[in-house]
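Take a look at the structure below.
Counting begins at 1 with the first residue of the sequence.
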Amino acid sequence: SQLAQNKLDLSGVAEAFMASEEFADLYGHGLGDDEFIGALYHNVLERDADADGQAYWLGQLVGGMARYDVLEAFANSAENTDTDDASGELEVIGSIGGDDLIG
């Protein structure tokens with residue numbers, strides 16, 4: 001509803017989602033950047049990370065890109081949005097395991 005009412009953009013929704021107590025309760029704290037990126041590949045793109053992609057996203061995080069912005073980038077990626085269904089909706093599937101997805 002926040003998107004529909006133009007109160008938040010997708011980045012704001014991703015940030016709020018990852019900062020929520022519910023998200024922290026479900027996924028915990030302490031997940032390293034490499035593990036976080038691997039979880040995004042598995043849960044958003046449904047595949048293992050390729051070495052170049054893993055290195056690229058790790059570099060983005062090390063360079064200061066926020067995790068919620070990385071999540072948004074995965075959700076908006078051509079690989080994720082190039083679907084055969086006609087819904088045109090973004091999809092983030094599964095769960096991101098580990099101990100720290102906030103920050």
Side-chain angles (χ1 to χ4, degrees):
S1 71
Q2 296 294 307
L3 279 171
Q5 297 173 22
N6 292 321
K7 291 183 179 180
L8 289 175
D9 60 10
L10 189 55
S11 181
V13 171
E15 181 178 9
F17 175 67
M18 291 185 72
S20 72
E21 187 173 320
E22 177 183 9
F23 191 86
D25 287 346
L26 288 171
Y27 303 113
H29 303 278
L31 190 64
D33 287 343
D34 255 354
E35 296 166 309
F36 173 72
I37 295 164
L40 289 178
Y41 270 95
H42 280 277
N43 295 313
V44 177
L45 303 180
E46 298 183 289
R47 67 175 177 87
D48 290 336
D50 56 278
D52 289 342
Q54 182 82 17
Y56 173 80
W57 289 111
L58 181 58
Q60 295 301 303
L61 289 172
V62 169
M65 188 175 199
R67 287 185 174 197
Y68 58 83
D69 286 331
V70 174
L71 172 61
E72 179 187 2
F74 270 75
N76 282 326
S77 70
E79 184 175 347
N80 187 50
T81 59
D82 185 24
T83 62
D84 292 331
D85 69 30
S87 71
E89 295 179 3
L90 298 177
E91 181 177 14
V92 178
I93 62 166
S95 63
I96 299 174
D99 295 335
D100 180 19
L101 296 178
I102 300 172

Side chains of E79 and V44: does their closest heavy-atom pair fall under 4.5 Å?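 When only atoms from C-beta onward are counted, V44 and E79 do not touch, as no gap falls below 4.5 Å.
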Are L45 and F74 close enough that some pair of their side-chain heavy atoms sits under 4.5 Å apart?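 Counting from C-beta outward, L45 and F74 do come under 4.5 Å.
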Within 45 degrees of the axis of the six-membered ring of F36 and under 6.0 Å from its centre: does R67 put its NZ or CZ there?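 Yes, R67 lies over the aromatic ring of F36.
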Please identify each residue that fulfils side-chain contact (heavy atoms from CB on, under 4.5 Å) with D52, with sequence neighbours left out.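 Partners of D52 under the side-chain contact (heavy atoms from CB on, under 4.5 Å) test: D50.
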Determine all donor-acceptor pairs shorter than 3.5 Å in which one atom belongs to a side chain in residues 53-64; sequence neighbours excluded.
residue, atom, partner, partner atom, Å
Q54, NE2, D34, O, 3.0
Q54, NE2, D34, OD1, 3.1

Just verifying a value: how many Å separate L71 CG and M65 CE, rounded to the nearest 0.5 Å?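 L71 CG to M65 CE: 10.5 Å, rounded to 0.5 Å.
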Any donor and acceptor pair, going by atom type alone, linking the side chain of N43 with main-chain N or O of A39 inside 3.5 Å?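 Yes; judged by distance alone, with no hydrogens or angles, the pair exists.
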